[in-house]
Peer 1: 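Could you have a look at this structure, given as structure tokens, before my questions?
Each ligand, and each atom within it, is numbered from 1 in the order the structure gives. Below, each value reflects all heavy atoms present in this structure, side chains not excepted, and no hydrogens, waters or symmetry copies.
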Amino acid sequence: MANSLLKYYFFTCPSKYKSMSAQIISGKAIAEDMLNGIKSRISQRLSAGKRAPSLAVILVGGDPASSIYVRNKRLACEKVGINSIAYDLASDIKESELFALIQKLNEDDTIDGILVQSPLPPQIDEKLIIEHISASKDVDGFHPYNIGRLAVRQPTLRSCTPFGVIKMLNSANINIKGLDAVVVGVSNHVGRPMALELLLAGCTVTCCHRHTKDLQGNIARADLVVAAAGKAGLIKGDWIKPGAIVVDIGINRLDNGTICGDVDFETAKERAGWITPVPGGVGPMTVATLMENTLLAMELRGV
Ligand code: GUN
């Protein structure tokens, strides 16, 4: 059903019909399709005698969550035919040593993308490291140049999670132009570029953060909620406007080991029109978009 029709249905039908369960957006399935597309683009390149893209993936220390994320990224590279070069560095590495490695990778013409997994240990200034990565190889889309390009409506390499969300909504045929969107969480890597992506897509955007006076009231007015606060259960299901689109970027590990998002999924899905699950929602889109960015970085450099 078209987006506008579904909204009409939710806002005009008697309340007894409004408890219809939300459509679940499977980021996992959409990401699989994306990966297959990237794989065939890369094999076409190889058939034309060009080389495969290459991604340097730098992991500092052995943080368990970071190790899992990095493993997933390296596995995705393998799947699509991107050459991933692993740098697993000791947690006590000096900032100057990491700078030197990035410099070497910046200058290496056979490297198309450079990713430094965050968080980094305290002796390393993450902002300086990100700025040291060549903007043309910044496949995470974290460099101030790339964030600035997005801010002035000339996106180049776009932050993987926010861009992945836009791609996911497009693939699900959900039209967000003109919607009132609320982004919860304003981190440099996710919330802020997410707000810029939504603005670019024609939404009216509100950003909520720790100083926001009325989080519930803002969410209750939103046609589209994007949760990126990193707090399990922060957003209650009965705050959601009936029929709204709910995108949950949070990945939180509970004491019992299970993974959940920032939104109370079970109650929210009874009110939302569309909702993403955690896991299996935005996470796989982030990885697929990283693969696409790596191929794009290579193409933009004319390799
Ligand atoms: N840490 C958590 N998510 C990410 C990501 O998408 N990129 C990097 N570089 N570090 C992360």
Peer 1: Here's a test for you: under side-chain contact (heavy atoms from CB on, under 4.5 Å), which of D264, V182, V184, T267 qualifies with I235?
Peer 2: V184
Peer 1: Does Q117 reach ligand 1 with a nitrogen or oxygen that is under 3.5 Å from one of the ligand's nitrogen or oxygen atoms?
Peer 2: yes
Peer 1: Which residue supplies the protein heavy atom nearest to atom 7 (N) of ligand 1, what is that atom called, and how far is it?
Peer 2: D140 OD1, 3.0 Å
Peer 1: Considering only heavy atoms, does V116 approach ligand 1 within less than 4.0 Å through its side chain, its backbone, both, or neither?
Peer 2: backbone
Peer 1: Mind checking whether H132 and F99 have parallel, tilted or perpendicular rings, split at 30° and 60°?
Peer 2: perpendicular
Peer 1: Give the C-alpha distance, both sets of side-chain angles, the deciding distance and a yes or no for side-chain contact (heavy atoms from CB on, under 4.5 Å) between L89 and L98.
Peer 2: CA-CA 9 Å; L89 308 176; L98 189 51; 3.8 Å; yes
Peer 1: Would you mind running through ligand 1 and noting each atom that sits below 4.0 Å from a heavy atom of S118?
Peer 2: 1 (N), 2 (C), 8 (C), 9 (N), 10 (N), 11 (C)
Peer 1: R51 and side-chain contact (heavy atoms from CB on, under 4.5 Å): which partner among I42, N83, D112?
Peer 2: D112
Peer 1: May I ask whether K73 places a heavy atom under 4.0 Å from ligand 1?
Peer 2: yes
Peer 1: With distance as the sole criterion, is a donor-acceptor pair present between the side chains of T156 and R149 under 3.5 Å?
Peer 2: yes
